Protein chains: 2
Amino acid sequence: MARIKTDKNISRKDVIVTKAAALFREKGFKAASMRDLAEAVGVEAASLYNHIKSKTELLHELCFSVANRFTHKIDEIEAEPISSIQKVEKLLRFHIHEMIHHYEEVYVSDREWKHLADPYLSNFQNQRRIYRKRFAAIIEAGIRNKEIKKIDAPTAVLIMLHAISGIESWHRSTQKISAEELEENMITILVGGLVNH
Amino acid sequence: MARIKTDKNISRKDVIVTKAAALFREKGFKAASMRDLAEAVGVEAASLYNHIKSKTELLHELCFSVANRFTHKIDEIEAEPISSIQKVEKLLRFHIHEMIHHYEEVYVSDREWKHLADPYLSNFQNQRRIYRKRFAAIIEAGIRNKEIKKIDAPTAVLIMLHAISGIESWHRSTQKISAEELEENMITILVGGLVNH
DNA sequence: TAAAACAACTAACGAATGTTAGCAACCTTT
DNA sequence: AAAGGTTGCTAACATTCGTTAGTTGTTTTA
């Protein structure tokens with residue numbers, strides 16, 4: 001009976017959630033089976049249920065842990081006494097870091113949230129909608145004081161968020177530029193597309 | 001026995017493929033069942049097999065019809081005697097049009113190609129890789145003659161392509177700006193992020 | 001060291017999935 | 001109107017799925 005290996009401060013459930021993120025990212029939530037997950041963890045499928053309630057619970061945990069990180073970050077940035085364009089840049093850099101260093105989680109949260117069930121689904125959609133509105137509000141403030149081009153702010157938000165999800169392809173590519181170069185290139189293009197020249 | 005309704009020049013198979021695109025977009029390929037599709041078409045599940053070979057065939061058709069359209073377009077644009085930045089803009093506008101007017105197909109091709117089976121999977125990945133290289137080559141030419149900022153071209157391609165897939169959110173939003181405004185905003189931001197000021 | 005808790009196992013369940021077989025109804029052509 | 005092809009139906013299949021029950025082994029607690 002090979003137990004799930006755990007270090008201190010990392011529960012068996014955490015191990016399962018992490019492996020689930022990798023698996024859901026690779027195959028998609030629906031296509032990834034609990035038997036696949038069990039194999040990745042090194043255990044029988046039924047044994048997983050000593051640690052988790054359901055497959056969907058895994059998705060909840062992933063989606064909301066990511067969503068909460070972004071919500072906290074925008075709380076923080078909104079409060080800072082810096083220009084709008086600096087706020088946008090900070091937010092973008094945070095998105096880029098998250099996408100680089102917590103790839104699997106963020107990716108799953110981004111692509112697989114559709115498979116959440118209510119009430120989680122509605123909650124998640126709400127949280128996302130509000131986040132985007134707050135992001136758009138920062139951009140709109142920047143437009144008002146002429147830091148940023150006259151553009152439709154919600155459209156700009158869409159572009160920014162989706163552009164960053166392109167880091168997915170960077171992860172999968174064989175000839176990667178460094179993470180730092182990637183970040184600087186993205187900032188150059190995206191912020192460059194916003195600022196008023 | 002209610003037959004699948006067809007107009008002239010549109011086969012029953014076409015009807016099924018179109019409905020499949022909508023369904024795969026809404027639920028994802030794996031989560032959409034043939035019984036769901038049958039219901040959308042107005043027929044029993046087994047009856048679908050008089051017109052198609054398999055569920056996967058539907059995905060092939062969708063993915064490659066989209067991929068081929070993009071390949072043909074880049075063939076066309078490469079041959080035109082215009083500046084690099086104009087080529088980029090033309091390509092972006094084509095992507096935007098496709099994403100606006102053939103939303104379901106394009107979205108499915110973009111998100112669900114992972115569920116293709118070999119040899120289709122490899123073919124598709126190849127076609128995509130080559131397309132992106134050709135796109136990057138256009139950008140690199142623009143960098144060489146100083147039309148475009150010094151940036152990593154493959155990264156720029158990722159940003160452009162993924163940014164455009166953000167139109168997905170525009171489709172789902174209730175308060176839409178017009179398609180024309182959307183297009184102009186996207187071009188402003190994306191081309192603005194590339195050009196050398 | 002005995003008892004309690006935790007975490008693994010095997011077996012199986014009911015539901016859902018893609019697909020096939022066999023047959024009936026419809027349409028087109030002759 | 002007969003014949004043949006097309007398109008639909010019902011029934012069923014083999015798998016796979018998420019999950020539960022019941023049990024055994026292992027670790028922690030007292």
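To find a chain, count down the sequence lines: A is the first, B the second, and so on, and within it residues start at 1. Treat the numbers as computed from the prediction; the structure is a model and nothing was measured.
B/F94 has its ring centre less than 6.0 Å from the ring centre of B/F70.
Remark: P of D/dT24 and CD of A/E44 are 17 Å apart, rounded to the nearest angstrom. When rounded to the nearest whole Å, the span between NZ of A/K53 and P of D/dT20 equals 11 Å. Rounded to whole angstrom, the span from the CD atom of B/E39 across to the C1' atom of C/dT17 amounts to 16 Å. Summarising the geometry, the separation between NZ on A/K30 and C1' on D/dT16 is reported as 13 Å, rounded to the nearest angstrom. As a whole-Å value, the separation of B/F24 CZ from C/dG18 C1' is 12 Å. Between the OH atom of A/Y49 and the P atom of C/dT10 there is a distance of 17 Å, given to the nearest Å. In this structure, A/R35 atom CZ and D/dT20 atom C1' are separated by 12 Å, rounded to whole Å. Note: CD1 (B/I16) to P (D/dG8) measures 7 Å, nearest angstrom.
The heavy-atom pair separating A/A45 from A/M34 by the smallest distance is CB-O, 4.1 Å.
The shortest distance between the side-chain N/O atoms of B/H51 and the OP1/OP2 oxygens of D/dG8 is below 4.0 Å. For D/dT7, the OP1/OP2 oxygens have a side-chain nitrogen or oxygen of B/R12 closer than 4.0 Å. OP1 or OP2 of C/dC9 has at least one side-chain nitrogen or oxygen of A/S47 nearer than 4.0 Å.
A/A38 comes within 4.0 angstrom of no nucleic acid atom, judged by non-hydrogen atoms across all strands.
Comparing A/N50 and A/D36 by the nucleotide of DNA chain D whose heavy atom lies nearest to each, the residue mapping closer to the 5' end is A/D36.
When distances are taken from the side chain of A/S33 to each of D/dC17, D/dT19, C/dA8, the shortest belongs to D/dC17.
Stacking of A/K87 on the aromatic ring of A/F135 is not recorded, the 6.0 Å distance cut-off and the 45° axial limit not both being met.
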Should A/E57 and A/S54 be marked as a side-chain hydrogen bond (donor to acceptor under 3.5 Å, both in side chains) after you check the CA-CA gap, both sets of side-chain angles, and the distance that decides it? CA-CA 5 Å; A/E57 188 203 3; A/S54 66; 5.3 Å; no
